[in-house]
Amino acid sequence: MPEIASPRGTRDILPADQAAYRWVLDTHSRVAELHAYRPVETPIIEATELFARAVGSDTDIVEKQMFTFDDRGGRSLTLRPEGTAGVTRAALAARLDQELRPLRLHYAGPMFRAERPQAGRQHQFTQLGIECIGERSASVDAEVVEIAWRFFAALGLHGVQLQVNSLGSPEDRARYREALVAYYEPLRDRLCDDCQRRLDTNPLRLLDCKRDAQFAESAPKIAASLSRESTEFFGRVLEILDTAAIPVTLNPRLVRGLDYYTDTVFEIWHETLSGAQNALGGGGRYDGLAALLGFAATPGCGYALGVERTIMVAKELGVAPGAAAGVDVLVASVDPPQAAAAARQARTLRDAGIRTMLDAGERRLDRKLRSADKAGARLAVVVGEDEVRDGNVTVRDLSQHSQQRVPEAELAALTLRILGMQQ
RNA sequence: GUGGCCAUAGCUCAGCUGGUUAGAGUGCCAGGUUGUGGCCCUGGAGGUCGAGGGUUCGAAUCCCUCUGGCCACCCCA
């Protein structure tokens, strides 16, 4: 019988990988909370309708990338492909925006998309992000971009590049859409199959088609379709970012894949990611989202970043932490009769808050010490016949090659002192 | 979803044009040391050669299907 493997496009996050994940997640929580964002968690499954309405039924995500199934009552559920729709639903359903406005939230967790997997693209991946809900202001947009920027700075990730654009209001987008259709319609026969379809379903996406890039060059620019309000709004966002010394690249062709975006949109790119998946994340303003979900119109702005891609880049740059030792002290018995005594010493150390591994098996002492090394323990406590007879323990410093025998009553205090921990 | 490359011990890989019981390094376990690690020596375990089917006297090797990984496209995290 063949062994059971993890499903296609999924990965186990094994102990050796945990340090890097925690580093990224903890750093993000810290940076977000430094900006007064509070943590929130939402279900991994949501009503399919949530994403159909929020993300847009003509988007790739909803068209072909969702894991959707019926529950026993025949209701259609979907494994969340992104976080903003769920967080917005949760916040507005709980009326949190009526307690505090704007509402600042951060989150992290697994997301699911059924694309063909490859490096940096999995069926299940981890995303973290923030949402600022309830205020339309340039200052909020700049804050959101700045938090992303500061997050990567906190990780020591150099070389991130901010791509920024404005899509304007829904009306602006509609106008721009018309302009694009008017421009592309005469060219229809010369467009690729995908683009011919996009022309009818989602003309904005024509812009980032690589095959038809030649036409995009002279296509109408979105800036020309922006209302005065949106133009000024975007101008203020850029101004604040400039004041904050956050370098941005204006990219008029940047069109985010999700329908709910309005006005400011941005992506974060890194050159070390292979060309196809060069985005660490992206975000923007979504003033129309709440209404799409059936709530009172409520503006919002946020971003989402890929944890696995961030770790890939961090490893590439050599700034990711390696596997962390999971133990401080190994307590080893010498012969079987000392097993109980060794267990007692281990309990003493654990009561003092020291990560302690007990090895009271029947292996030879030298093998036990070898394991202690491998596990990354800094100290070994040897419990043999003599120690038990005299009420002592031998405390060996594995890096100093030195050891001392002390009364067992002093074990915890001595260990804490050597480890540099507070009593 | 479309196209291409790939799949041999836990890991990194050998295995010539199909020919007996599939190898190495490393890791793991044990012995060398009546109780002291990172080195060394010796031995051992570990593979239905990704899975299933086919061709053949004979398949890790050739063919088909499936599964999975990688790459490109699409798009994004």
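The structure presented is a predicted model; accordingly, all values stated were derived computationally and were not measured. Throughout, a chain's letter reflects where its sequence line sits, starting with A, and its residues are numbered from 1.
Contacts with RNA chain B (heavy atom under 4.0 Å) in residues 359-367 of chain A: A:Arg363, A:Arg364, A:Leu365, A:Asp366, A:Arg367, listed by number.
Figure legend. B:A7 is base-paired to B:U67; pairs are counted as Watson-Crick or G-U wobble with both atom distances under 3.5 Å. With both pairing distances under 3.5 Å, B:C73 is matched to B:G1 as a Watson-Crick or G-U wobble pair. A 3.5 Å limit on both hydrogen-bonding distances identifies B:C41 as the Watson-Crick or G-U partner of B:G31.
What separates CZ of A:Arg253 from P of B:C76 is a distance of 14 Å, to the nearest Å. The CD atom of A:Glu115 sits 17 Å away from the P atom of B:G3 (whole-angstrom rounding). The distance between atom CG of A:Asp373 and atom P of B:C39, rounded to the nearest whole Å, is 9 Å. In this structure, the CE atom of A:Met312 is 11 Å from the C1' atom of B:A77, given to the nearest Å. One can place CZ of A:Phe125 at 17 Å from P of B:C75, the figure rounded to the nearest angstrom. Going from atom CZ of A:Phe151 over to atom C1' of B:A77 covers 12 Å, rounded to whole Å. B:G35 atom C1' lies 10 Å from atom CG of A:Leu369, rounded to whole Å. A:Phe51 places its CZ atom 16 Å from the C1' atom of B:C76, with the value rounded to the nearest Å.
Taking atom C1' on both nucleotides, B:C16 is separated from B:A22 by 15 Å, rounded to a whole Å. Nucleotides B:C49 and B:U8 are separated by 12 Å at their P atoms, to the nearest Å. Only the P atoms considered, B:U48 is 15 Å distant from B:G23, to the nearest whole Å. Distance check on atom P: B:G69 versus B:A30 gives 36 Å, rounded to whole Å. Comparing B:C13 with B:U2, their C1' atoms sit 33 Å apart, to the nearest whole Å. Between B:U55 and B:C63, the distance separating the two C1' atoms is 7 Å to the nearest Å. A gap of 39 Å separates the C1' atoms of B:A14 and B:A77, to the nearest Å. Rounded to a whole angstrom, the distance from the C1' atom of B:U42 to that of B:G15 is 27 Å.
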Pair A:Phe112-A:Thr78, side chain to side chain contact (heavy atoms under 4.5 Å, CB included): steps then yes or no
CA-CA 9 Å; A:Phe112 303 83; A:Thr78 291; over 6 Å; no
Using the rule given for side chain to side chain contact (heavy atoms under 4.5 Å, CB included), can you reason through A:Ser371 versus A:Met357, listing the C-alpha separation, both sets of side-chain angles and the distance that settles it, and then say yes or no?
CA-CA 10 Å; A:Ser371 296; A:Met357 184 184 285; over 6 Å; no
Go through A:Phe152 and A:Val313 one step at a time and tell me if the side chain to side chain contact (heavy atoms under 4.5 Å, CB included) criterion holds.
CA-CA 11 Å; A:Phe152 289 114; A:Val313 172; over 6 Å; no
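Among the atoms of the strands shown, base atoms are found under 4.0 Å from some heavy atom of A:Glu385. Note on A:Glu82: nothing from the nucleic acid sits closer than 4.0 angstrom, heavy atoms only. Here A:Asp386 lies in heavy-atom contact (under 4.0 Å) with a base.
A salt bridge links A:Arg175 with A:Asp172: the closest approach of a Lys/Arg side-chain nitrogen to an acidic carboxylate oxygen falls below 4.0 angstrom. Residues A:Arg11 and A:Glu308 are not paired through a salt bridge, judged by the lack of any N-O separation under 4.0 Å between the basic side chain and the carboxylate.
Identified under the side-chain hydrogen bond (donor to acceptor under 3.5 Å, both in side chains) test for residues 333-343 of chain A, with sequence neighbours left out: A:Ser333-A:Lys368.
Under the 3.5 Å distance criterion, with hydrogens and angles disregarded, a donor-acceptor pair is assigned to the side chains of A:Glu115 and A:Gln65. If you check the side chains of A:Glu131 and A:Thr88, you find no donor sitting under 3.5 Å from an acceptor.
The cationic atom of A:Arg285 (NZ for Lys, CZ for Arg) does not lie both less than 6.0 Å from the six-membered ring centre of A:Phe233 and within 45° of the ring axis.
Regarding contacts with the backbone of B:G69, every side-chain N or O of A:Gln118 stays at 4.0 angstrom or more from both OP1 and OP2. Using a 4.0 Å cut-off, some side-chain N or O of A:Arg8 falls inside it from OP1 or OP2 of B:G68. For B:C76, neither phosphate oxygen OP1 nor OP2 lies less than 4.0 angstrom from any side-chain nitrogen or oxygen of A:Arg113.
Side-chain atoms of A:Glu387 come within donor-acceptor range of the base of B:G35, with a qualifying N/O pair under 3.5 Å. A donor-acceptor contact under 3.5 Å is not formed by the side chain of A:Arg121 with the base of B:C71. On a pure distance criterion of 3.5 Å, no polar donor-acceptor pair joins the side chain of A:Arg11 and the base of B:G69.
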Which protein N or O atoms sit under 3.5 Å from an N or O of nucleotides 5-10 of chain B?
none

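Using a distance-only test at 3.5 Å, with no hydrogens or angles considered, no donor-acceptor pair links the side chain of A:Asp351 to the main chain of A:Thr348.
For A:Arg121 against A:Arg116, the heavy-atom pair with the smallest separation is CD-O, 3.3 Å.
Each of A:Leu398 and A:Arg116 was assigned the nucleotide of RNA chain B with the nearest heavy atom; the assignment lying further toward the 5' end belongs to A:Arg116.
Counting heavy-atom neighbours within 6.0 Å of A:Arg150 CZ, excluding the residue itself, gives a total of 12 or less.
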